[in-house]
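Below is one structure; the comments refer to it alone.
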Amino acid sequence: MSATSSNVDAVLAYLRELQDRICAGLEAADGAAKFRRDSWQRPEGGGGETRVLRDGRIFEQAGVNFSHVMGTKLPPSATAQRPELAGASWVAMGVSLVIHPSNPYVPTTHANVRFFSTLAAEKSIWWFGGGFDLTPYYPFAEDVLHWHRTAQRACAPFGDDVYERHKQWCDRYFFLKHRNETRGVGGLFFDDLNEWGFERCFAYQRSVGDHFLDAYLPIVARRKDMAWGERERQFQLYRRGRYVEFNLVYDRGTSFGLQSGGRTESILMSLPPLARWEYDWQPPPNSPEALLYTDYLRPRDWLRELV
């Protein structure tokens with residue numbers, strides 16, 4: 001099925017509702033802070049609404065961004081894998097979020113669902129993309145297992161191999177080559193999805209978006225009241241530096257937003273409010289911090305190895 005104006009409008013409506021639903025869920029979980037809403041327009045076309053929660057009881061910073069933007073020429077970040085689209089006009093819409101909790105025992109997380117449509121050589125081309133991933137500082141096997149079981153449930157109606165393929169794609173994508181480590185424990189990642197037809201691809205995007213809170217909030221509930229001190233805080237800030245490195249060096253969404261003239265504040269809302277770097281730091285052997293490096297920052301078959 002082609003991407004008609006009516007079914008593209010359905011994607012737009014879903015994304016707006018998803019932003020509302022996720023923000024409501026995060027506000028309820030935090031119980032203290034509310035999202036600030038910041039609507040913006042892009043001179044080249046389109047706009048969006050950025051919502052940021054700061055200094056809550058649980059979340060130090062949470063950003064949930066909706067955007068619906070368009071332009072006359074795709075930037076290099078969007079055509080590196082699809083050179084035939086160079087120079088094409090385009091429309092992009094999506095919801096992207098990053099959550100940085102205060103408690104180091106609560107993981108950072110990211111999620112994104114998006115839709116692209118281009119017009120190249122008078123031919124309309126469209127695709128869906130997105131996923132979600134988890135970045136713990138002090139990981140727990142039961143949390144990682146819950147995260148991946150929920151991801152598997154999101155994929156199950158769409159084929160027995162979808163979870164494994166998109167889980168492996170996530171492991172490859174969220175990998176810091178210069179550190180030789182994954183950003184966290186992964187989840188799902190997919191892009192350029194159009195081979196199932198519009199309705200089925202859109203249904204999969206909705207399933208991924210709809211499962212995010214189910215994947216994340218139970219972990220928050222288990223870890224939010226764990227006691228922590230300066231040692232845990234400093235390690236959290238140090239590992240947040242890896243988040244900054246990935247987003248500025250490798251992330252395609254960040255590159256696309258900046259190269260396409262997007263709103264800088266909204267694009268960089270994914271960065272943590274505080275982070276630190278330390279020269280050639282190594283975790284003490286057999287420490288809780290070392291466990292992250294030895295057991296979690298590498299691709300693993302979590303659903304088989306942790307049961």
Side-chain angles (χ1 to χ4, degrees), residues 52 54 58-63 65 77 96-112 131-141 143-144 147-148 151 167-189 212 215-216 219-220 223 226 228-258 264 267-300 302:
V52 177
R54 285 294 303 267
I58 297 173
F59 304 121
E60 187 172 355
Q61 178 172 292
N65 192 41
S77 60
S96 179
L97 66 91
V98 176
I99 302 168
H100 294 288
S102 300
N103 190 324
Y105 288 104
V106 180
T108 284
T109 190
H110 156 263
N112 175 276
F132 49 64
D133 63 284
L134 193 71
T135 305
Y137 307 102
Y138 291 91
F140 295 85
D143 295 347
V144 178
W147 181 259
H148 280 274
K167 182 264 184 194
Q168 291 178 7
W169 200 344
C170 187
D171 290 339
R172 293 192 302 270
Y173 182 78
F174 292 106
F175 190 82
L176 286 82
K177 301 178 183 66
H178 63 285
R179 299 285 190 180
N180 194 33
E181 64 187 38
T182 56
R183 189 170 77 173
V185 298
L188 300 172
F189 182 87
F212 170 73
Y216 186 57
I219 298 173
V220 173
R223 307 301 164 199
M226 291 183 66
W228 55 277
E230 187 62 19
R231 170 178 174 155
E232 291 83 1
R233 174 61 166 173
Q234 289 303 311
F235 184 62
Q236 178 198 49
L237 296 181
Y238 176 73
R239 291 299 309 175
R240 280 180 177 178
R242 297 290 206 272
Y243 219 87
V244 176
E245 291 177 20
F246 180 87
N247 278 27
L248 296 183
V249 176
Y250 298 115
D251 187 65
R252 287 171 57 183
T254 301
S255 297
F256 175 84
L258 296 175
T264 302
I267 296 163
L268 298 182
M269 71 168 191
S270 61
L271 302 183
L274 294 172
R276 75 181 186 94
W277 285 261
E278 185 172 331
Y279 178 73
D280 198 26
W281 183 86
Q282 300 295 326
N286 302 315
S287 66
E289 293 79 12
L291 183 68
L292 176 70
Y293 290 82
T294 58
D295 288 11
Y296 288 90
L297 295 183
R298 54 187 173 88
R300 291 178 58 183
W302 304 107

By salt bridge (charged side-chain N to carboxylate O under 4.0 Å, His left out), which residues pair with Glu278, not counting sequence neighbours? Arg276
Would you please name every residue forming a ring pair (Phe, Tyr, Trp, His ring centres under 6.0 Å) with Phe235, sequence neighbours left out? Tyr138, Trp281
Nearest 0.5 Å please: distance from the OH atom of Tyr105 over to the OH atom of Tyr137. 14.0 Å
I'd like to check the side chain to side chain donor-acceptor pair (under 3.5 Å) partners of Asp171; sequence neighbours left out, ordered by chain and number. Lys167
By ring pair (Phe, Tyr, Trp, His ring centres under 6.0 Å), which residues pair with Tyr250, not counting sequence neighbours? His178, Phe246
Is the shortest heavy-atom distance from the side chain of Asp251 to the side chain of Tyr173 under 4.5 Å? yes
What residues form a salt bridge (charged side-chain N to carboxylate O under 4.0 Å, His left out) with Glu181, not counting sequence neighbours? Arg239, Arg242
Considering residues at least two apart in sequence or located in another chain, which fulfil the salt bridge (charged side-chain N to carboxylate O under 4.0 Å, His left out) criterion with Arg231? Glu289
Which of Glu230, Gln236, Glu232 passes side chain to side chain donor-acceptor pair (under 3.5 Å) with Gln234? It is Glu230
With sequence neighbours left out, write down each residue that passes side chain to side chain contact (heavy atoms under 4.5 Å, CB included) with Leu291, or none if nothing qualifies. Thr294, Asp295, Tyr296
For Thr135, what residues pass the side chain to side chain contact (heavy atoms under 4.5 Å, CB included) criterion, not counting sequence neighbours? Thr108, Asp133, Arg183, Tyr243
Donor-acceptor pair, side chain of Gln168 and main chain of Pro299, under 3.5 angstrom: no
From Arg223 CZ over to Asp143 CG, what is the distance, rounded to the nearest 0.5 angstrom? 4.0 Å
Short question: side chain of His100, backbone of Leu274 - any donor-acceptor pair under 3.5 Å? no
Distance check, rounded to the nearest 0.5 Å: Asn65 atom CG versus Asn112 atom CG? 9.5 Å
According to side chain to side chain contact (heavy atoms under 4.5 Å, CB included), who are the partners of Thr109, at least two apart in sequence or on a separate chain? Ile99, Leu134, Trp147, Phe212, Tyr216
Decide yes or no on side chain to side chain contact (heavy atoms under 4.5 Å, CB included) for Leu292 and Leu297, but give the supporting numbers first. CA-CA 6 Å; Leu292 176 70; Leu297 295 183; 3.9 Å; yes
With sequence neighbours left out, write down each residue that passes ring pair (Phe, Tyr, Trp, His ring centres under 6.0 Å) with Phe59, or none if nothing qualifies. none
Run the salt bridge (charged side-chain N to carboxylate O under 4.0 Å, His left out) test against Arg300 and tell me which residues pass, sequence neighbours left out. Glu305
What's the shortest heavy-atom distance between Leu268 and Leu248, and which atoms? CD2-CD2, 4.2 Å
Applying side chain to side chain donor-acceptor pair (under 3.5 Å), name anything that partners Arg240, two or more places apart in sequence or on another chain. Glu60
